[in-house]
Every structure is written in C-alpha cells, then in structure tokens.
Number of protein chains: 2
Amino acid sequence: MSIESERLAVLPPTSRRPGATSADVARVAGVSRSTVSHILNGQVTRFSEETVERVRETAARLGYVPSAAGRSLVLGRSDLVVLAVPNTTLTNVQDIIEAIAADLDDVGYNTVVHFDRGGGPADNLARLQHLVDTLRPAGLVDLGSLSPAALDALEEQGCPLLSPRPRNVRGVDEGNYAIARGQAEHLLERGYTTLAYAYLVDRRDDPFGRMRASVVAEVCADAGLAAPATISVPLDAAGAQTAVCELLRTRGAPVGIACSNDEVAVAVAFAALALRAAVPGDVGVVGVGGGSVGQLVTPRLSTVTFDVRTSVSSIRQAIGHALGGAEEPAGSVPEGTFTVLQGETT
Amino acid sequence: MSIESERLAVLPPTSRRPGATSADVARVAGVSRSTVSHILNGQVTRFSEETVERVRETAARLGYVPSAAGRSLVLGRSDLVVLAVPNTTLTNVQDIIEAIAADLDDVGYNTVVHFDRGGGPADNLARLQHLVDTLRPAGLVDLGSLSPAALDALEEQGCPLLSPRPRNVRGVDEGNYAIARGQAEHLLERGYTTLAYAYLVDRRDDPFGRMRASVVAEVCADAGLAAPATISVPLDAAGAQTAVCELLRTRGAPVGIACSNDEVAVAVAFAALALRAAVPGDVGVVGVGGGSVGQLVTPRLSTVTFDVRTSVSSIRQAIGHALGGAEEPAGSVPEGTFTVLQGETT
DNA sequence: TTGTAGGCGTTATCAG
DNA sequence: CTGATAACGCCTACAA
C-alpha cells in the first residue's frame, strides 16, 4: 500500500486523466472492490472505523466519481430524469426548466430535456419512447405535452411519472381551466358581453390554447352569451392590426379579448389603439403571465398572473416525494396560484 | 428457432415489458450476440443478405433498443452532451436550448442541461465537473458560462468542447462585442453625445452585461466622449422611473441609453415617457433582441436584432463537425448576424 | 460468414 | 467485519 501511495503521490493529487475507478480506490486503500462499494454507499456501520476512514480518504484523494454507466447497468435504471417540454405557448419555460432541473439536482438526478418537435404527437411520442427505452431514466416529468394514454404507456414500461397527473375537468387540466376562467370572468365583470379568444398564430400545435378557448366558450354559455369568436394573432404590429380589425368588423364593439399570453395581449391592445379603438372601452384585453413587459408599458396590461414557483410547486413536491422521500404531496393546485392583475386594458 | 418465434408471437408484437436485449434478438433470430451487434452497427457487408434481414426484422419486431448504459460502459463515453447554460440575460434561451437539442437529436445525442446556480463560479464549475466525471458525456456545449481556463480543464479530462471557443477582443467575445458596438454606434449616429448603459437589476452575476458596458465605454472613448453612466433597472414601472429619473438628474438630457435587453429597453422607454421626457429626443433607447414585444408597442423599440438560428449556427456547425462528420466549420460569427433595427425610440 | 470470450464499472448475494 | 463471485448489456478482437 505504501508503494501505491508513492506512485500516486507523483501524479497531480486531485485529478487523474480518466477518472479513477472503484477498483483503483480499492487497490490503493488495500481493500476489495466490494468493501469500497459498501462503504461509499453508506453501509458504514459494519466496517471498522479505520477502514471506513481510509477508503473515504482514498476516494477523495483520487477524485473518485462513480460511473453513471456502471450504476445504470446494474441498477436497471439511470439517474437521469426526462423532462418533456410541450411545444406550446408556455410562459417562462426557461424558468420552469431551470427550477425543475435545480430540484432534481438537489436530490442527485440529472435532467435530460425532450422538446416536442414538428411531426405530430405520434412522432414525438415515438422519440420519447426511444429515449426512455435507451436511457432507462429514473423518472419522467411532463410539462403538458403528453396525453393520458401516453403517460399510461410510459408508466407501464417502468418509467415513473414524477409530475402530477393533470386532473381533467372535461379534458382541461386545472391550471388552464383556472387561467381561462379567470380571464373570461374578469372580462364579464368589467362589463364586456361579447368575448373573443386570441390565439398566437403559428404555434404548430397548441393544445393549451384550444383548452382555454373552450373554457372561455363555456363561461359564455353559462352566462347566456354568444359563443366567443377566435382570432389568430401574429406577433407583428401590422398582422395584429389586421386580426383585430377583422374581429371588430364582424363582432363590433365593445369586445373583451382573452389572449393566450401576454405577448399576444400586448399586440392586441396596441393594435386596437392604432385602430383608434378605445382601450378599455371598445376593446378589453386580458393576457396571461404577468412576468413579461405587460406591466411596463402604457396602458398597463390586465392579466392573469401566476407565480412560476407556485405553479411548479406540485411538480417539485411530487419529485421530492418520489425521488427524495419527502412527504406525500398535496396533489392539487393551491388556491391563489392564479390571480387576476387588473391593469389599464380592461 | 421456430419455437422461439412461436413463443414471441403470443406476446404483443412491438413492446415487451422490460425492453429486449441484444441477446434476446440473437436468440430469436438464431444467431450469436456478436452477429447482432455487428449488423446493427452497420457492419452489413460481411454477412449474408438473408441473415442481415432476419436480424433487423427480429430487432424491429422485439422493439429492441440498445441500452445506453451498456454502450457507455464499453465505449468509455455516453451519447449524452452537456449543455452549460449561463445565468445571464440571454435572449431567447429557450429557443437556443431547443435548437441545439434538436441538432444533437438529429445526430443521435441527447442533451443534459446544466444551469448555473447561486454559489459562485467555483461552485458551478465543481458541479459541472462532477457531472462530466459521472456521465462521461460525448461532448460539452457552452453557452457562455465557462471561463477559458475551465474549458481547458474540461477538455483536458477528455470531454470535447463542441461549441466554438469564443475569440476574445479584450475579454469580450465577438457576439457581445458586436451587439454593444452596434448599440453605441447607433446612438451616436442618431446624435446622442451622452451615453449610458442600463443593466437589468437582480441578475445574480452578469458577465455579458459587464462586457457590453465596457464596449460602450470604449466606443465613447474612441469618439472623445465622456464615459457612459450605468444604471440598474428593475422590471417594474416605478423602479424603472426612479432609475431613469436619477440618470436624467445627474447627466441631463439628451442621453442615449443602451440596454441589456429589450425588456429593460421597454421599461426605460416607458419610464422616460412617464417622466414627460421626449422619446426620442431627450432620451434615446436601444435594446437587444427584437424578438419580444418591443416591436409591438408604441413607440416601437429600436433594437439590435439577431437571428437565433444564425447566432447558434456556429455551434450547430461545430456540433455537426465533431459529432456528425460534417465539414470544417467557418468558426466566426457570420457578417450580418447582428443588425440594428431602427424603431421609434431613437 | 459466423461464433467465442473477455471486459467495461458497478452493485448484490453470499461465503468466510 | 471483509472478500470473492456473479450478473447487468454491450462491443470487439480473435478464432473457426
């Protein structure tokens, strides 16, 4: 052993070229590989204090890091978690990804992102399927791109679903339901009796938008109002004006417009103003998000805000529960996650 | 072999519970594991047409997907690529991540995201180090969070750097240099002789912002003007007004303000308007990005735009070169990646 | 043209 | 208390 130490002492202390293996640690520490494995995995009680210390010190000195590949192979699953990101008008996707990745990192897992791409749901599911098959991840976090059937299939194959299964109210998950209902009811409260829903154009396939539009329609029906018109708004001034102009022509004023996000809402509001419509008055506009520039411009945007941290908290809890041994998650979107922020456009 | 086929025929054709292994394929196809491995890895020429077909068909029928863990273990590196994302005011991080992940996916690699977190550069580097050690990724893509020394260290340890090493002009990479220079020169052209740089407040540590501010200062010095003031702008109307008011008090009007992104620029522009300053005139504002709502509001924002696809093209090329065998990348930011978009705030 | 054997790094089981 | 042994799924010489 002293010889080994001598040999190692010549090399740079903390880093060897291709990282040390547990066999290296065992050899240098003068024990067997299984002893190293046991000690480094917490089975400390059944070894002599002296051996434990020596193994730990040696591992640290050699900069030993367990190989994910080796672990995965023998454990049957990796320490990777797949994060499926929908191709939709999500506000602050970056912050959401970052928050979830941070949570996973805290409990020792790494995040593999999987974006929906062009090619349709079936193609995306096939890609995800392949990813799960080859990576054998410890779990899957879905941000909304997967159908219940797809989630079933993935779970059936032994890939635990870490995110809470959305509870559907007539095909609409709680979050989108609360958002759209908040928008529609706010517009009604502000006196608008003709509503419309504004999609963001060109988002390849947006299930969220369709859900929300249907909820707005439901609110209208419940209030005995005509079904809302829908418009498709591009994120440029001229195109937005065209869309809003067309809406005013067919439906007249006043009209309250629920928008798929704050960007669309800003486009709609300024388009209406450019068309010499009164905002609020002729046109009421309410967005979703609240985190972007909507609150910086004049007129200040009315919008449904939600705290990113709160809205991902159920996912965090579920992750903690499944992977970190935390307590049973509440499972429901907490009250007050979504609130209407009254601005100057309603 | 016919017996095996019979047995399998009873099960659902495409999916078995825990994915089939290459041994399964070999057994069912009536060949050895190495034959399966060879054929599935493209060594097709040296087997009989009939065998190749049978192996392929069997693999497809069993839904065989090679285990990443097994591959990684024997190959010494995984098919994962680590994407290091800086904790900075990057425009469209989501789009960038998505584009890069798509490219990597095209050449058969999966993307593991690594965000900078609180704790300082050393801590983040240590986390990244551990990630590289345990995952043995096929490569690393850096979006700007790593120092040259850190890149050296990582490469030294056998983790290829897929993103082009930034060529520094006095500590500022080409992209940030072009952006800040474009902003400053545009303001000068529009007649502003007093410049300022507006940081986004509260971004934990923003090397990009400091780089750009230094470039603006350099442009001022070259033009024989006073050094630019710097202000720190929060993304709320009141705070932005305070910051702009303070700037006008100390530096007077007119002042041209280069902003760290479009959100900040919108905040500054509307804050100036709320303070009854003329925009443009008393206050000139130029942002960076062009993709957000800056082009939807009135006054329309002057900004330095860059096409996300173009600006990540060098990374794409480098990835293709290193991983996909594409031709040698050009290596430099193409001319015209960054252009000034004249709006109504200068 | 195909098969055999060995090893990648880890963990679990069981024997000492 | 500690160590030998056997997988996990894959790839690649080398042998036939």
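Naming convention: chains lettered A, B, ... in sequence-line order (proteins, then strands); numbering from 1 in each chain. No experiment lies behind these values; they were computed from the predicted model shown.
For the side-chain contact (heavy atoms from CB on, under 4.5 Å) test, residues two or more places apart in sequence or in another chain that qualify with B:L104 are B:V81, B:I100, B:Y109, B:T111, B:I319, B:L323. Remark: A:R77 pairs with no residue by the salt bridge (charged side-chain N to carboxylate O under 4.0 Å, His left out) rule, at least two apart or across chains. Under the side-chain contact (heavy atoms from CB on, under 4.5 Å) criterion, B:T134 pairs with A:V65, A:A68, B:H130, not counting sequence neighbours. Considering only residues two or more places apart in sequence or on other chains, B:E50 meets the salt bridge (charged side-chain N to carboxylate O under 4.0 Å, His left out) condition with B:R54. Applying the side-chain hydrogen bond (donor to acceptor under 3.5 Å, both in side chains) criterion to B:N110, with sequence neighbours excluded, gives no partner residue. Qualifying side-chain contact (heavy atoms from CB on, under 4.5 Å) partners for B:A102, counting only residues two or more places apart in sequence or in other chains: A:R117. Residues meeting the side-chain contact (heavy atoms from CB on, under 4.5 Å) test with B:E53, sequence neighbours left out: B:E57. A:D152 pairs by the salt bridge (charged side-chain N to carboxylate O under 4.0 Å, His left out) definition with A:R165, not counting sequence neighbours.
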Which nucleotides of nucleotides 3-15 of chain C have their base under 4.0 Å from a protein heavy atom (B), which only their sugar-phosphate (S), and which neither (-), written as one string 5' to 3'?
BB--BBBBBBB--

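Contacts of B:T51 with the nucleic acid, taken as non-hydrogen atoms under 4.0 Å apart, involve only primed sugar atoms and P, OP1 or OP2.
Each end of the helix from C:dT1-D:dA16 to C:dG16-D:dC1 gets its own axis, taken as the rotation carrying the C1' atoms of four end pairs onto the next four within a five-pair window, and the two axes meet at 50° to the nearest 10 degrees.
Each salt bridge (Lys or Arg N to Asp or Glu O under 4.0 Å) pair with one or both residues in residues 314-324 of chain A, not counting sequence neighbours, appears once here: A:D103-A:R316.
Once you apply a 4.0 Å limit to the heavy atoms of chain B, the touched nucleotides of DNA chain D run 5' to 3' over D:dG9 to D:dT12.
Under a 4.0 Å N-O distance rule, the pair A:R71/A:D79 does not qualify as a salt bridge.
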